[in-house]
Amino acid sequence: MRAPVSVIIPTLNAADGLPATLGSLGEGLEAGLIRELIIADGGSQDATRTIAEAAGADWLTGPAGRGVQIAQGIAAAKGAWLLVLHADTVLEAGWSRPVLSHIANAPDKAGYGRLAFAARGFAPRFVAGWANLRARFLGLPYGDQALLISAELLANTGGYPSLPLMEDVALARALKGKLVPLGLTALTDARKYEKSGWMRRGSRNLWLLLRYFLGADPAALARLYQRSDRSS
């Protein structure tokens, strides 16, 4: 029987964090979980492609925009299950067991991980804690928490939102009542938060989320997000 999971990772100049992300997938290969690895790139100018191809990934290129890239990767995927993972997120050891359990026991649900940051101190614990509470009680996990979903459930939900920003929020809202914690930890790189400031970046993200809920255009929000990153 073919391995069930297609891993989809969107990238854009991700050479710094991608090796650790790909390295964490090794146990999934050993467990017979991973059928294919798809890198959906938005125009990287660094060594991202070299790293991806050395890992045996299928390489796709297209317009930049995380939701657009993920949707492109999903369209090319052949697995019955999809694992969407950000390029700066590492699945902590032991992740394959809860994934196998979810596939066997909850095929009608999508699963997400517990967020943690690769940093110490109160601020990373606070931001990750808020994210985990938001996911559990509001049903809004973000993409850096990883997402496991069957291709059938995703298709029945309307497919992956091809948005430049808030694609993960849009999908979470479409999956209301069908999202459950997986019991794995998604360890995310903290450098963007450390560069711009934990509270400043967290507040910015919350403000963008509120504007999205109030009907703001995701493309306009994406431009604000990118400008904020460049200025920090």
message = Restricting to non-hydrogen atoms, name the atom on L224 and the atom on R211 that form the minimum distance, rounded to 0.1 Å.
response = CD1-NH1, 3.2 Å

task = Kindly state whether the ring of Y225 and the ring of W207 have centres lying under 6.0 angstrom apart.
result = no

key: Side-chain heavy atoms of H102 within contact of W81, under 4.5 Å   = yes

note = Shortest non-hydrogen pair, G202 vs Y193, comes out as N-CE2, 4.2 Å

Row check, Y112 ring normal vs R136 NZ/CZ: under 6.0 Å, within 45° = no

request  = Measure from the side-chain N and O atoms of S24 to the backbone N and O of E92, and report whether any donor-acceptor pair falls under 3.5 Å.
outcome  = no

ask   = What pair of heavy atoms forms the shortest contact from L100 to A31, and how long is it?
value = CD1-CB, 4.4 Å

request  = Show your working on side-chain contact (heavy atoms from CB on, under 4.5 Å) between Q145 and T188 and close with a plain yes or no.
outcome  = CA-CA 8 Å; Q145 290 173 251; T188 293; over 6 Å; no

query = For G43, does its backbone N or O pair with a side-chain atom of Q45 as donor and acceptor, under 3.5 Å?
reply = yes

query = Got a donor-acceptor contact below 3.5 angstrom from the E36 side chain to the S6 backbone?
reply = no

ask   = Looking only at heavy atoms, what is the nearest atom pair of A52 and L22, with distance?
value = CA-CD1, 4.5 Å

inquiry  = With a 4.5 Å cut-off on side-chain heavy atoms, are P218 and P164 touching?
reply    = yes

ask   = Can you tell if the side chain of V127 reaches within under 4.5 Å of the side chain of F117, non-hydrogen atoms only?
value = yes

ask   = Under 3.5 Å, side chain of S101 to main-chain N/O of R97, donor-acceptor pair present?
value = no

request  = Kindly say whether A14 contributes a backbone atom to a donor-acceptor pair with the side chain of T48 at under 3.5 angstrom?
outcome  = yes

message = With heavy-atom distances below 4.5 Å as the criterion, would you say the side chains of L85 and L25 are in contact?
response = yes

request  = Please confirm whether the backbone N or O of A80 pairs with a side-chain atom of E152, one donor and one acceptor, at under 3.5 Å?
outcome  = no

task = Taking the side chain as every heavy atom from C-beta outward, state whether H86 and R66 have any atom pair closer than 4.5 Å.
result = yes

ask   = Given the rule in the side-chain contact (heavy atoms from CB on, under 4.5 Å) test, do R191 and D16 qualify, once you have shown the distances and angles that lead to the verdict?
value = CA-CA 11 Å; R191 280 175 288 186; D16 288 346; 3.8 Å; yes

query = For W95, which of L182, V90, L33 qualifies under side chain to side chain contact (heavy atoms under 4.5 Å, CB included)?
reply = L33

query = Would you call L148 and V99 a side-chain contact if the rule is heavy atoms closer than 4.5 Å?
reply = yes

query = Would you call L171 and E167 a side-chain contact if the rule is heavy atoms closer than 4.5 Å?
reply = no

ask   = So do the side chains of L175 and I149 get within less than 4.5 Å of each other, counting heavy atoms only?
value = yes

task = Work out which heavy atom in G73 is nearest to a heavy atom in L60; give both atom names and the distance.
result = CA-CD1, 3.9 Å

task = Start with the C-alpha distance between T11 and D41, add both sets of side-chain angles, then the distance that settles side chain to side chain donor-acceptor pair (under 3.5 Å), and finish with yes or no.
result = CA-CA 5 Å; T11 56; D41 190 71; 2.6 Å; yes

query = Closest approach of A116 and A128, non-hydrogen atoms and distance?
reply = CA-CB, 4.3 Å

key: Under 3.5 Å: donor-acceptor pair, side chain of D168, backbone of Y142   = no

